[in-house]
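Let me begin by presenting the structure, written as structure tokens, before commenting on it.
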Amino acid sequence: MSATQKFSIASIPADGVGKEVVSAGRRVLDALAENSNGKFAFNWTEFPWGCGYYAETGKMMADDGLETLKNFDAIYFGAVGWENVPDHISLWGLRLNITQNFDQWANIRPVKFLPGVQSPLRKADNTELDWVVVRENSEGEYAGLGGRNLSGRGPGNEVALQTALFTEKGCERIMRFAFDLARTRTVKKVSSVTKSNAQQYGMVLWDEVFNRVTLDYPDVQTESVLVDAMSAKFILKPEDLSVVVASNLNADILSDLGSALAGSLGLAASANLNPERRFPSMFEPVHGSAPDIAGKGISNPIGAIASAALMLDHFGLHEEARKVEAAIETATGSGHLTRDVGGNAKTEDVTEAIIKALTNTLAAV
């Protein structure tokens, strides 16, 4: 028998429902490992960082947190944000602190339409829809460049500058990532999202790089679409989409729109990847900390569990990732739905249904 693969994972539930959904995802992964006949195992280390940690220490994470995280194979993240900490402090103090310093420049966000979940999009009833948003995750509008000045002039006179950063290297690497991903899909197409008609510097560079990179992928269909037109296309012609590549802000907004069209942000998974593997990658659901339902046991764990499937892919456990995704579909198809997707199931109910479907599949092999 071959030696057991052991994956060391840093768990950061952080705030609100993040604690509930990370716990659910860990249970699914542990059930998968227990039924792997010793093929692999997960070693978990949980960190208490987040807004609660900030209330005690004045910091969102430990001073040596990044140095500590470097030693892990991956990071499994929940959600960040609470009323005691301004959002820009909580986000930059923890999540963006990790993604920026670990150069997790590729953020992938699949848009999945699950059986049993009613989409507000009528086309989803009789059309096969499946696309993925590839988000540039290291620069663009979230580069953190700018400042606030001239407050000394008195009320109403302060100036704030927020500078979007577009580099040729940053644009090219995310576009090549998108093209390489498209080559693995049934529909080999990349749609670039731009706004170069109004943003004449950064997004014109984005367009120029896209046009140049396109030449290296003659087997992949391409299109360049203005972000406002792409928002409409998500609704009117989603069957035309396969891989959508966009800047940090544009992809953030569009991926939330895609998740809403699939039925709920609670279903949406994401992976923050450092493709060169110089640093660990981070996997997290797209939804926020949801203070209004935190602690009630009604949060949707599917986004976190689907993110765990993306982590399995990152580890090279592709067959296992597909089994987790199939178990999610079995659970939703059999009516195990939380409140956000029209059901009344608890977080625990959905998690148990997914684990049952998964273990039944593994037992049948």
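Owing to the predicted nature of the structure, the values given are computational and were not obtained by experimental measurement.
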Salt bridge (Lys or Arg N to Asp or Glu O under 4.0 Å) assessment of Glu319 paired with Lys323: CA-CA 6 Å; Glu319 182 180 350; Lys323 288 177 179 177; 3.4 Å; yes
query: Are Tyr142 and Asn137 linked by a side-chain donor-acceptor pair shorter than 3.5 Å?
result: no
query: How long is the span from the CG atom in Asn272 to the CH2 atom in Trp105, to the nearest 0.5 Å?
result: 12.5 Å
- prompt: Which distance, rounded to the nearest 0.5 Å, do you find between the CG of Leu129 and the CZ of Phe113?
  reply: 5.0 Å
message: Just by distance, no angles: are the side chains of Ser270 and Arg135 close enough, under 3.5 Å, to form a donor-acceptor pair?
response: no
statement: When rounded to the nearest 0.5 Å, the distance separating CD1 of Ile174 from CD1 of Ile108 is 9.5 Å
- request: Output all residues satisfying salt bridge (charged side-chain N to carboxylate O under 4.0 Å, His left out) with Lys123, sequence neighbours left out; order by chain, then residue number.
  value: Glu239
- prompt: For residues 285-295, which residue pairs qualify under side-chain hydrogen bond (donor to acceptor under 3.5 Å, both in side chains), counting only residues two or more places apart or in two chains?
  reply: none
query: Could you give the distance from OG1 (Thr351) to CD1 (Ile302), rounded to the nearest 0.5 Å?
result: 9.0 Å
query: Passes salt bridge (Lys or Arg N to Asp or Glu O under 4.0 Å), Lys6 versus Asp73? Steps please.
result: CA-CA 9 Å; Lys6 295 182 180 179; Asp73 296 314; over 6 Å; no
query: Salt-bridged, Arg322 to Glu325, with N to O below 4.0 Å?
result: yes
- request: Go through the steps to decide whether Lys296 and Thr347 satisfy the test side chain to side chain contact (heavy atoms under 4.5 Å, CB included), and finish with yes or no.
  value: CA-CA 9 Å; Lys296 296 181 179 179; Thr347 309; over 6 Å; no
query: Ile305 and Leu312: same hydrophobic cluster, using ILVMFWY side-chain contacts below 4.5 Å?
result: yes
Exceeds 12 heavy-atom contacts within 6.0 angstrom, atom CD of Gln200: yes
task: Report the residues that fulfil side-chain hydrogen bond (donor to acceptor under 3.5 Å, both in side chains) with Asp87, sequence neighbours left out, ordered by chain and then residue number.
output: none
- prompt: Which of these passes side chain to side chain contact (heavy atoms under 4.5 Å, CB included) with Val286: Asp256, Leu267, Asn107?
  reply: Asp256
field: Minimum-distance pair of heavy atoms, taken over all atoms of Asp340 and Gly266
entry: OD2-CA, 3.9 Å
Atom pairs and distances, side-chain donor-acceptor, residues 187-198, under 3.5 Å, sequence neighbours left out:
unit_1	atom_1	unit_2	atom_2	d
Lys188	NZ	Arg185	O	2.9
Lys189	NZ	Asp240	O	3.0
Ser191	OG	Glu223	OE2	2.7
Ser192	OG	Trp206	NE1	2.9
Thr194	OG1	Ser196	N	3.2
Thr194	OG1	Ser196	OG	3.4
Thr194	OG1	Asp207	OD1	2.8
Thr194	OG1	Asp207	OD2	3.3
Lys195	NZ	Asp228	OD2	3.1
Ser196	OG	Asp207	OD2	2.4

message: Is it the case that over 12 heavy atoms from other parts of the model lie below 6.0 angstrom from the CZ atom of Arg27?
response: yes
message: Do Asn344 and Arg339 pair up side chain to side chain, a donor and an acceptor below 3.5 Å, judged on atom types alone?
response: no
- prompt: Who else is in Ile75's hydrophobic cluster (ILVMFWY, side-chain heavy atoms under 4.5 Å, direct or via others)?
  reply: Ile12, Phe47, Trp49, Tyr53, Tyr54, Met60, Met61, Leu66, Leu69, Phe72, Phe77, Val80, Val85, Ile89, Leu91, Trp92, Leu94, Leu96, Ile98, Phe102, Phe279, Met282
message: With a 6.0 Å cut-off (strictly less than), is the heavy-atom count around CD of Glu276, excluding the residue itself, greater than 12?
response: yes
- prompt: Going by an N to O cut-off under 4.0 Å, is there a salt bridge joining Arg212 and Glu168?
  reply: yes
message: Once ring-ring contact (aromatic ring centres under 6.0 Å, His included) is applied, what residue pairs with a partner in residues 293-316 remain, sequence neighbours excluded?
response: Phe7-Phe315, Phe283-His314
message: I need the Ile253 CD1 to Met230 CE distance, nearest 0.5 Å.
response: 13.5 Å
message: So, taking the atom named CZ in Arg278 and the one named NZ in Lys70, what distance separates them when rounded to the nearest 0.5 Å?
response: 10.0 Å
